[in-house]
Student: 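Attaching a single structure in structure tokens format; questions to follow.
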Amino acid sequence: MLHEFSRTELLIGADALKKLSQSKVAVFGIGGVGTFVVEGLARSGVGKFVLVDDDCICLTNINRQLHATRKTIGKPKVEVMRDRILEINPKAEVTALQKFYLPDMADELIADDYDYIVDAIDTVTAKIDLVLRAKAKNIPVICAMGAGNKMDATRFEVTDIYKTSVCPLAKVMRKELRQRGVKNLKVVYSKEEPIKPIESEDSSCATGCICPSGTTRKCTTRNQIPGSIAFVPSVVGLIIAGEVVKDIIYSKV
């Protein structure tokens, strides 16, 4: 009998589809990259999700984040994305955690039964700690490097963190992970030189913050707000989703 994943089954087979349906993937960061990771995984038949993000949807998210529309502004990102997953696959199991990942919350947010961890967060301290915890638990992990201030989506590639160059975030991650003895890490990154944001009083979050009520980490607390465009973080997210799916079905996890 035909079902919502019949076309996927034609490509990968029933056994692989069943494996995806039984797999639990935790996605940390449900923003420009993370929403498209989740979308790609949900439409590929992954059956169990843990979504971690403390933010509420803001008007400025509409240009690139899958869950952001006029109707969803002000709602928790994890809850809107949970509902979207269930509209795609009502049988999916989704845990939505409106939390900001910090090292002291690792025991609460990282469970031993995760089959894969996706790092789509933008805080270096949190990214490093998340990688270390995943490695310690032998949970496969993939990380998004810088997707902001970029225009050429064709430049992104999958590689090991120690083979990266140009990307400022990857440079920091290489240094910090090397110091901590991490030998390898799968990442998605670009060699495109970052574009300097064209900031004015009208476009500055620092002077014109419109974060919705209930936002715990307003944009005014961040050092710099990168420029972004629809077709870059979305591509990064779908590349990551593809890597997770392939690793699961080809028994690399």
Student: Under a 4.0 Å N-O cut-off, is there an ion pair linking Arg180 with Glu176?
Tutor: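 Result for this pair is yes, salt bridge flagged.
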Student: Can you pull the side chain to side chain donor-acceptor pair (under 3.5 Å) pairs that have at least one residue in residues 41-52, sequence neighbours excluded?
Tutor: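 Matches after skipping sequence neighbours: Glu39-Arg43.
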Student: Taking all non-hydrogen atoms of both residues, which atom of Cys58 and which atom of Ile73 are closest, and how far apart?
Tutor: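 Cys58 and Ile73 have their closest heavy atoms at C-CG1, 4.3 Å.
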Student: Could you tabulate the donor-acceptor pairs under 3.5 Å formed by side-chain atoms of residues 230-242, not counting sequence neighbours?
Tutor:
from   : atom 1 : to     : atom 2 : distance (Å)
Ser234 : OG     : Ala230 : O      : 2.8

Student: Ignoring hydrogens and geometry, is there a side-chain-to-backbone donor-acceptor pair from Gln98 to Val52 under 3.5 Å?
Tutor: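 Pair absent, no side-chain N/O of Gln98 close to backbone of Val52.
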Student: For residues 88-97, which residue pairs qualify under side chain to side chain donor-acceptor pair (under 3.5 Å), counting only residues two or more places apart or in two chains?
Tutor: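 Matches after skipping sequence neighbours: none remain.
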Student: For Ala120 versus Val33, what's the shortest heavy-atom pair and its separation?
Tutor: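 Between these two residues, the closest heavy atoms are CB-CG1, 4.1 Å.
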Student: Closest approach of Ile30 and Asp53, non-hydrogen atoms and distance?
Tutor: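 Residues Ile30 and Asp53, closest heavy atoms: N-OD2, 2.7 Å.
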Student: Give every residue pair that meets the salt bridge (Lys or Arg N to Asp or Glu O under 4.0 Å) criterion with at least one member in residues 128-149, sequence neighbours excluded.
Tutor: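 Pairs touching residues 128-149 that pass the test: Asp112-Lys137, Asp129-Arg133.
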Student: Quick one: do the Ser228 and Lys150 side chains pair a donor with an acceptor below 3.5 Å?
Tutor: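 Distance-only check fails for Ser228 and Lys150.
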Student: For residues 8-17, pull every pair meeting side chain to side chain donor-acceptor pair (under 3.5 Å), keeping only residues two or more places apart or in separate chains.
Tutor: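 Non-adjacent pairs meeting side chain to side chain donor-acceptor pair (under 3.5 Å): His3-Glu9.
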Student: Considering residues at least two apart in sequence or located in another chain, which fulfil the ring-ring contact (aromatic ring centres under 6.0 Å, His included) criterion with Tyr101?
Tutor: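 ring-ring contact (aromatic ring centres under 6.0 Å, His included) list for Tyr101, sorted by chain: Phe28.
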Student: With sequence neighbours excluded, tell me which residues meet salt bridge (Lys or Arg N to Asp or Glu O under 4.0 Å) with Lys18.
Tutor: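 Salt bridge (Lys or Arg N to Asp or Glu O under 4.0 Å) list for Lys18, sorted by chain: empty.
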Student: Under the side chain to side chain contact (heavy atoms under 4.5 Å, CB included) rule, collect the residues that match up with Asp113, sequence neighbours excluded.
Tutor: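 Applying side chain to side chain contact (heavy atoms under 4.5 Å, CB included) to Asp113 gives Lys24, Ala111.
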Student: What pairs meet the salt bridge (Lys or Arg N to Asp or Glu O under 4.0 Å) rule with one or both residues in residues 101-111, with sequence neighbours excluded?
Tutor: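 Found Lys99-Glu108.
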Student: Would you mind listing every ring-ring contact (aromatic ring centres under 6.0 Å, His included) that reaches into residues 150-196, with sequence neighbours excluded?
Tutor: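 Passing the test, one end in residues 150-196: no pairs.
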Student: Decide, yes or no, whether a salt bridge links Lys246 with Glu243 under the criterion of side-chain N to carboxylate O below 4.0 Å.
Tutor: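 Yes, this pair counts.
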Student: Who passes side chain to side chain contact (heavy atoms under 4.5 Å, CB included) against Pro197, sequence neighbours left out?
Tutor: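 Expected list: Asn149, Gln224.
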Student: Which residue pairs pass the salt bridge (Lys or Arg N to Asp or Glu O under 4.0 Å) test when at least one of the two sits in residues 151-161, sequence neighbours left out?
Tutor: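 For residues 151-161: Glu157-Lys191.
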Student: For Val187, run the side chain to side chain contact (heavy atoms under 4.5 Å, CB included) check against Val158, Thr159, Leu169 and tell me which one passes.
Tutor: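 For Val187, the side chain to side chain contact (heavy atoms under 4.5 Å, CB included) test succeeds with only one of Val158, Thr159, Leu169, which is Thr159.
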Student: Show your working on side-chain hydrogen bond (donor to acceptor under 3.5 Å, both in side chains) between Ser251 and Lys19 and close with a plain yes or no.
Tutor: CA-CA 10 Å; Ser251 301; Lys19 188 172 184 181; 3.3 Å; yes
